[in-house]
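Structure first, commentary second.
We use all heavy atoms of the structure for the numbers below, so side chains are in, but hydrogens, waters and symmetry mates are not.
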Amino acid sequence: MKNSAFSNFKVFAGNSHLELAEEIASIMGKPLGEAKVAKFSDGEIAVNIGETVRGVDCYIVQSTCDPVNDNLMELLIMIDAMKRASAGRINAVIPYYGYARQDRKAKARDPITAKLVADMLVAAGADRVVTMDLHAAQIQGYFNIPVDHMLGMPIITKYFKDQAQDNLVIVSPDHGSVPRARKMAEPLNCPIAIVDKRRPEPNKSEIMNIIGDIKGKHCILIDDMIDTAGTITNAANALKDLGALSVRAAATHAVLSGPAIERIEKSAIEELVLLNTLPIPEEKRIEKMKILSVAPLFAEAMSRIHTNEQVSKLFD
């Protein structure tokens, strides 16, 4: 990339995923902007932007991952600081958009936190959001500003395509991931299968049935996120018990909370392919994991936004 194309933009980061932010900035030919994001003694977020942003295209890279509330507040306060410093455009780059799972009223008196966070970002002063693999695509409609919804699927699909393995079947671990499985199966030229499950309570799932032919095949489970890993490991074990030759899994967001690592290690999953939309600490990195970087895709998207080029070409 030519640095001259980015003469009037700056990339900043909160504390959620400095490694990814530095990689993105490096690809774009810039150092990270100077910003001190710390805390007062009572836990309040303290932000100081250490360089001018007047009239500048600003990109704030911040995943709203654990600790979710701290990282969300860091992002909101950084946006507010830049708005008050007369930044040209403020682009919130959120590789992992937290609070997205509550995206509708599934039952009486449920909140819609995905909409609440969208309102907060707009109220703080964001001009655009760049994110990846929202829990539900319709969350884009909760914003009254442009949203560039990047897809992690092409990165994952390319990885498996390069391995050129025959006799594949792409498996959706639930009905919600069926469109994702279809999109992955098409370039790999293979069929799909669906795990029919029910969820008796949050973070718990129970396998009911496998729809499709998986016996004697190499299965790849695909999902948008892995949190406690109950869904993906139960599905993997069921596939293996029902005659799958091998089971691998892939997901965009590696939340990996609670018993996730222990479940993955004990499961039938032979390889777990993850994207680095949120940090994966060393103590959670196990031999089964393969971590792919989203930095080149985000860097390209951000450069296209800055130069007013098409971003839609990156969705393929």
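- The backbone N or O of Ser177 lies less than 3.5 Å from a partner atom in the side chain of Asp174, making a donor-acceptor pair.
- Cluster membership check: Ile145 shares its hydrophobic cluster with Ile90, using side-chain heavy-atom separations under 4.5 Å among Ile, Leu, Val, Met, Phe, Trp and Tyr.
- Around NZ of Lys284, the count of heavy atoms belonging to other residues, nucleotides or ligands within 6.0 Å exceeds 12.
- Residues Ala25 and Pro31 approach most closely at CB-C, 4.3 Å, considering heavy atoms.
- The CD1 atom of Ile280 lies 10.5 Å from the SG atom of Cys65; values are rounded to the nearest 0.5 Å.
- Although no hydrogens or angles enter the test, the distance criterion places a donor-acceptor pair under 3.5 Å between the side chain of Thr131 and the main chain of Ile94.
- Between Glu23 and Ser293, the shortest heavy-atom distance links the atoms OE2-OG, 3.0 Å.
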Could you walk me through whether Val93 and Val11 pass the side-chain contact (heavy atoms from CB on, under 4.5 Å) test, one step at a time? CA-CA 10 Å; Val93 181; Val11 181; over 6 Å; no
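- Formation of a donor-acceptor pair under 3.5 Å by the Gln62 side chain with backbone atoms of Ala92 is not found in this model.
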Show your working on side-chain contact (heavy atoms from CB on, under 4.5 Å) between Val47 and Glu74 and close with a plain yes or no. CA-CA 8 Å; Val47 168; Glu74 282 186 12; 5.7 Å; no
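- Between the CD atom in Glu51 and the CG atom in Asn48 there is a gap of 11.0 Å [rounded to 0.5 Å].
- Between the side chains of Thr252 and Asp133, at least one donor N or O lies within less than 3.5 Å of an accepting N or O.
- When all heavy atoms of His218 and Asp166 are compared, the pair lying nearest together is CD2-O, 3.5 Å.
- Around CZ of Arg285, the count of heavy atoms belonging to other residues, nucleotides or ligands within 6.0 Å exceeds 12.
- Side-chain contact between Val169 and Cys219: present, with at least one pair of heavy atoms (C-beta onward) separated by less than 4.5 Å.
- The hydrophobic cluster containing Tyr97 also contains Met73, counting ILVMFWY residues as joined when their side-chain heavy atoms lie under 4.5 angstrom apart, directly or transitively.
- Two residues are said to be in side-chain contact when any heavy atoms from C-beta on lie closer than 4.5 Å; Phe160 and Ile222 fail this criterion.
- Within the 4.5 Å cutoff, the side chain of Ser267 has no heavy atoms near those of the Arg263 side chain.
- Judged purely by atom type and a 3.5 angstrom limit, Thr64 uses its side chain to pair as donor or acceptor with the backbone of Tyr96.
- To the nearest 0.5 angstrom, Ile77 atom CD1 is 11.5 Å from Ile60 atom CD1.
- Without hydrogens or angle criteria, Tyr142 side chain to Asp103 main chain gives a donor-acceptor distance under 3.5 Å.
- Considering CE of Met132 and OG of Ser63, their distance stands at 10.0 Å, rounded to 0.5 Å.
- Counting only distance, with no hydrogens or angles, the side chain of His149 and the backbone of Ala137 share no donor-acceptor pair below 3.5 Å.
- Here the straight-line distance linking atom CD of Gln102 with atom CG of Leu116 works out to 10.0 Å at 0.5 Å rounding.
- Side-chain contact between Phe298 and Val61: absent, with no pair of heavy atoms (C-beta onward) separated by less than 4.5 Å.
- The aromatic rings of His306 and Phe9 sit tilted relative to each other, their planes meeting at an angle between 30° and 60°.
- In this structure, the side chains of Phe143 and Leu121 come closer than 4.5 Å at one or more pairs of heavy atoms.
- Side-chain N or O atoms of Asp227 include none that pairs as donor or acceptor with a backbone N or O of Val255 at under 3.5 Å.
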Full working for side-chain contact (heavy atoms from CB on, under 4.5 Å) between Glu270 and Val247: CA-CA 6 Å; Glu270 296 176 15; Val247 182; 5.9 Å; no
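- Checking Asp196 against His175 by side-chain atom types alone, a donor-acceptor pair falls below 3.5 Å.
- For Glu287, the CD atom counts as loosely surrounded, since its 6.0 Å shell holds 12 or fewer non-hydrogen atoms of other residues, nucleotides or ligands.
- Placement of Ile286 and Leu278 in two distinct hydrophobic clusters is found when ILVMFWY residues are connected by side-chain heavy-atom separations under 4.5 Å, directly or transitively.
- Lys105 NZ: more than 12 foreign heavy atoms inside a 6.0 Å radius.
- Considering only heavy atoms from C-beta on, Val311 comes within 4.5 Å of Met150 through its side chain.
- Taking every heavy atom of both residues into account, Ala13 and Met78 meet most closely at O-CE, 3.7 Å.
- Within 6.0 Å of atom NZ in Lys288, more than 12 heavy atoms from other residues, nucleotides or ligands are found, so the atom counts as buried in its surroundings.
- One hydrophobic cluster, built from ILVMFWY side chains closer than 4.5 Å, cannot hold both Leu134 and Met153; they sit in different ones.
- Atom CD of Gln138 has more than 12 neighbouring heavy atoms from other residues, nucleotides or ligands inside a 6.0 Å radius.
- Looking only at side-chain heavy atoms (C-beta outward), Arg248 and Ile220 come within less than 4.5 Å of each other.
- Residue Asp162 places its CG atom among more than 12 non-hydrogen atoms of other residues, nucleotides or ligands, all under 6.0 Å distant.
- The minimum heavy-atom distance linking Lys39 with Asp70 is given by the pair NZ-OD2, 2.6 Å.
- A salt bridge between Arg304 and Asp148 is absent, with no side-chain N of the basic residue lying under 4.0 Å from a carboxylate O of the acidic one.
- Linking ILVMFWY side-chain heavy atoms closer than 4.5 Å, directly or via other members, places Leu32 and Phe12 in two distinct hydrophobic clusters.
- The environment of Gln165 atom CD is dense: over 12 non-hydrogen atoms of other residues, nucleotides or ligands sit within 6.0 angstrom.
- Distance alone, capped at 3.5 Å, places no donor-acceptor pair between the Lys36 side chain and the Ala46 backbone.
- Separating the CD1 atom in Ile269 from the CD1 atom in Ile226 is a distance of 6.0 Å, to the nearest 0.5 Å.
- The side chain to side chain contact (heavy atoms under 4.5 Å, CB included) test with Ile156 is passed by exactly one of Met184, Lys290, Arg180: Met184.
- Annotation: side chain of Arg101 is in contact with side chain of Met225 (closest heavy-atom distance under 4.5 Å).
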Evaluate the side-chain contact (heavy atoms from CB on, under 4.5 Å) criterion for residues Ser257 and Thr228: first the C-alpha distance (whole Å), next the side-chain angles of each, then the deciding distance (0.1 Å), finally the verdict. CA-CA 5 Å; Ser257 66; Thr228 60; 3.7 Å; yes
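- Side chain of Thr113 to main chain of Tyr99: a donor-acceptor pair is present (N/O by atom type, distance under 3.5 Å, no hydrogens or angles).
- Checking Thr307, Asp127, Asn91 one by one against Asp57, the side chain to side chain contact (heavy atoms under 4.5 Å, CB included) holds for a single residue, Asn91.
- When atom types are taken as modelled, the side chain of Asn276 and the backbone of Val294 share a donor-acceptor pair closer than 3.5 angstrom.
- For the pair Val37 and Gly14, the tightest heavy-atom approach, listed with the atom from each and the gap, is CG2-CA, 4.4 Å.
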